[in-house]
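Taking it in order: structure first as structure tokens, then the write-up.
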Number of protein chains: 2
Amino acid sequence: MLSDVMEDYLKAIYSLQMEHGPPVSTSAIAEYLGKTPPTVTSMVGKLEDRGLLEREKYKGVELTEEGETVALEVLRHHRLLEAYLTEHLDYSWSEVHEEADALEHHISEEFERRVAAALGDPEVDPHGDPIPSADLTPPNSSGLSTLSDHTVGDVIVVCRVSDRDPEELEYLSEAGVVPGTTIEIIDVAPFGMVTVRVADSEREQSLPESVARTIRVREPDESCEDEGVSTA
Amino acid sequence: MLSDVMEDYLKAIYSLQMEHGPPVSTSAIAEYLGKTPPTVTSMVGKLEDRGLLEREKYKGVELTEEGETVALEVLRHHRLLEAYLTEHLDYSWSEVHEEADALEHHISEEFERRVAAALGDPEVDPHGDPIPSADLTPPNSSGLSTLSDHTVGDVIVVCRVSDRDPEELEYLSEAGVVPGTTIEIIDVAPFGMVTVRVADSEREQSLPESVARTIRVREPDESCEDEGVSTA
DNA sequence: TATTTGGTTTAGACACGTCTAATTCAACCT
DNA sequence: AGGTTGAATTAGACGTGTCTAAACCAAATA
């Protein structure tokens, strides 16, 4: 049986692998999880012993297929919970992450099935992140561009935002920058600061490059799987 | 911050206190939680240090007000979850206990509020157990009699069954002995074996004394708070 | 090539929750 | 009252996950 902590490591490594590809460094994991590097080295050793990842000393780490499957299972739990909480328990977009983090390790397979059924087997969570399917095959990491790939005058639709930082999420939520909204890029200042106009509202919002980089967008005529669950 | 484990001890002690009153012995706690007595002694020491219970060496243990409040908080979580799972996620009566045990330590206050709201602030869970109110004042341990207090010919209504043993629960569920059903006592055999007829169905069921003792009942004309959430 | 530097790992410690084996206590029974 | 007995506690150990401090490696620099 894997501990909650091990599951957290696998999830973290999976995310980091998605973002920057393998190998994933000790310090990156430490940073992501708020642990010290020696702690990570030690844990990574145990995960390697269990065949959940491969490690090259002083280089980094890469999940095995088995490790990836575990990560996807946890991720599925997490995103189903996020979707359920917004759909059925009236949570707002920016509140769900913490709750899902706490619950994701403790739900049964039965619970997972029933929640998925209650939601009609959704494909994305409220932030637009794809929900791994029940068979835990790796979701195709869609070729969506990011907001910072675009330039002044572009009109695009938000598909997906990062759920990592609650404050950032709160800010985007306020700003109306949520999956499904159409935005126009008004200005790109030095250091990548992007100013956008949100369709329908007259409002303009400026976003630092660090945020713009995490917002996935599409052309207005394309479609990304789905548009995320609606929310208050 | 209290650990999950500590919460489990407090919940266990609370239950044992309800059943047999204080003081609660080391071995009773050990038995209830499936731990060894030395483990319990050690944990009980820590709980005492935190002011959650009072201990008299070689005698036993009794929760302080603070300890009881914690226990009630966990119990509230547990029973709200049980109610929610049967009401909104289609769980059956006998399946909810384990799931609630796993989740009860990990839900936020916010989650508790929203679940309670979604259920309309119920007063009992699907087994008929009273749900502690949000202010965590001790629920009045109602003066319900048990099935084994009654005798042949008595016609009574089931209010509450124990949720401790999944098999027992499954059996009672099959038998139709659930909160709200009216039963008539047909026979009381030696060793307290009780045979009852379930109203509406022609079926007769025999229950060992150990089970009969845990079933709370009322006279048909009285009312106990509520009758538990309906279920499949 | 030698050195510096920054990230990684090893070494060693600690808190937690658990166990088994040994001891101690208290209550009961001659 | 003295001895027996069963429960409770102490003693000591272990696994897990974490830390700090020290040693180490490898990549970039001079």
Side-chain angles (χ1 to χ4, degrees), chain A residues 1-14 16-17 19-63 67 70-71 74 101-102 104-106, chain B residues 1-14 16-17 19-63 67 70-71 74 101-102 104-106:
Chain A
M1 238 341 52
L2 290 193
S3 67
D4 297 5
V5 173
M6 284 183 172
E7 289 183 354
D8 280 333
Y9 276 86
L10 294 173
K11 192 174 59 146
I13 294 165
Y14 180 83
L16 292 166
Q17 227 169 242
E19 264 193 75
H20 310 106
V24 178
S25 73
T26 300
S27 49
I29 302 169
E31 153 91 303
Y32 192 98
L33 291 174
K35 303 279 160 69
T36 62
T39 301
V40 172
T41 298
S42 149
M43 190 66 225
V44 151
K46 289 169 192 167
L47 293 170
E48 188 184 27
D49 292 345
R50 298 201 186 207
L52 296 163
L53 51 78
E54 266 154 33
R55 177 157 89 115
E56 203 168 344
K57 273 201 179 173
Y58 294 99
K59 283 293 191 314
V61 118
E62 177 171 4
L63 294 181
V70 173
V74 179
D101 258 355
E104 65 190 3
H105 306 295
H106 305 103
Chain B
M1 240 335 57
L2 288 195
S3 67
D4 297 4
V5 174
M6 285 185 171
E7 289 184 353
D8 280 333
Y9 276 85
L10 294 174
K11 190 174 61 144
I13 294 166
Y14 180 83
L16 292 166
Q17 229 169 240
E19 264 193 72
H20 309 107
V24 178
S25 73
T26 299
S27 48
I29 302 169
E31 154 88 337
Y32 192 98
L33 292 174
K35 304 278 162 70
T36 62
T39 301
V40 172
T41 298
S42 149
M43 191 67 225
V44 150
K46 290 169 191 166
L47 262 8
E48 188 185 25
D49 293 345
R50 298 200 187 210
L52 297 164
L53 52 78
E54 266 153 33
R55 178 157 87 116
E56 203 168 342
K57 272 203 178 172
Y58 295 100
K59 281 295 193 314
V61 118
E62 176 171 3
L63 295 180
V70 173
V74 179
D101 258 354
E104 64 190 4
H105 306 295
H106 305 104

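Here is how names work: the chains are called A, B, and so on, in the same order as the sequence lines, proteins then strands, and each is numbered from 1.
- Helix-axis bend for the helix from C:dT1-D:dA30 to C:dT30-D:dA1: the local axis fitted to the five terminal pairs at one end deviates from that at the other end by 20°, rounded to 10°.
- Counting 5' to 3', DNA chain C first comes under 4.0 angstrom of a heavy atom of chain B and last does so at the ends given by C:dG17 to C:dA27.
- Scanning for side-chain hydrogen bond (donor to acceptor under 3.5 Å, both in side chains) contacts around B:E62 gives an empty result, with sequence neighbours left out.
- Among residues at least two apart or in separate chains, salt bridge (charged side-chain N to carboxylate O under 4.0 Å, His left out) pairs with a member in residues 35-48 of chain B are B:E48-B:R55.
- Screening A:L52, A:L53, A:L47 for a side chain to side chain contact (heavy atoms under 4.5 Å, CB included) involving A:Y9 leaves a single residue, A:L47.
- With sequence neighbours excluded, no residue forms a side-chain hydrogen bond (donor to acceptor under 3.5 Å, both in side chains) with A:S3.
- Among B:I29, B:V61, B:I13, the one residue that satisfies the side chain to side chain contact (heavy atoms under 4.5 Å, CB included) test with B:V40 is B:I29.
- The salt bridge (charged side-chain N to carboxylate O under 4.0 Å, His left out) test applied to B:D101 returns B:K11, not counting sequence neighbours.
- Take A:P37 and apply the side-chain contact (heavy atoms from CB on, under 4.5 Å) test, not counting sequence neighbours, and it matches A:T26, A:A30.
- Applying the ring-ring contact (aromatic ring centres under 6.0 Å, His included) test to B:H105 and every residue at least two apart in sequence or in another chain returns nothing.
- Panel note: side chain B:E7, backbone B:V70; no donor-acceptor pair is recorded below 3.5 Å.
- Residue A:H106 comes nearest to B:A102 through the heavy atom pair O-CB, 3.6 Å, listed as atom of the first residue, atom of the second, then distance.
- With sequence neighbours excluded, the residues satisfying side-chain hydrogen bond (donor to acceptor under 3.5 Å, both in side chains) with B:S25 are B:S27.
- With sequence neighbours excluded, no residue forms a side-chain hydrogen bond (donor to acceptor under 3.5 Å, both in side chains) with B:S42.
- The stretch residues 19-29 of chain B comes close to DNA chain D through B:S25, B:T26, B:S27, each having a heavy atom under 4.0 Å from the strand.
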Under a 4.0 Å heavy-atom criterion, the protein footprint on nucleotides 12-27 of chain D, written with B, S and -, is -----BBBBB---S-S
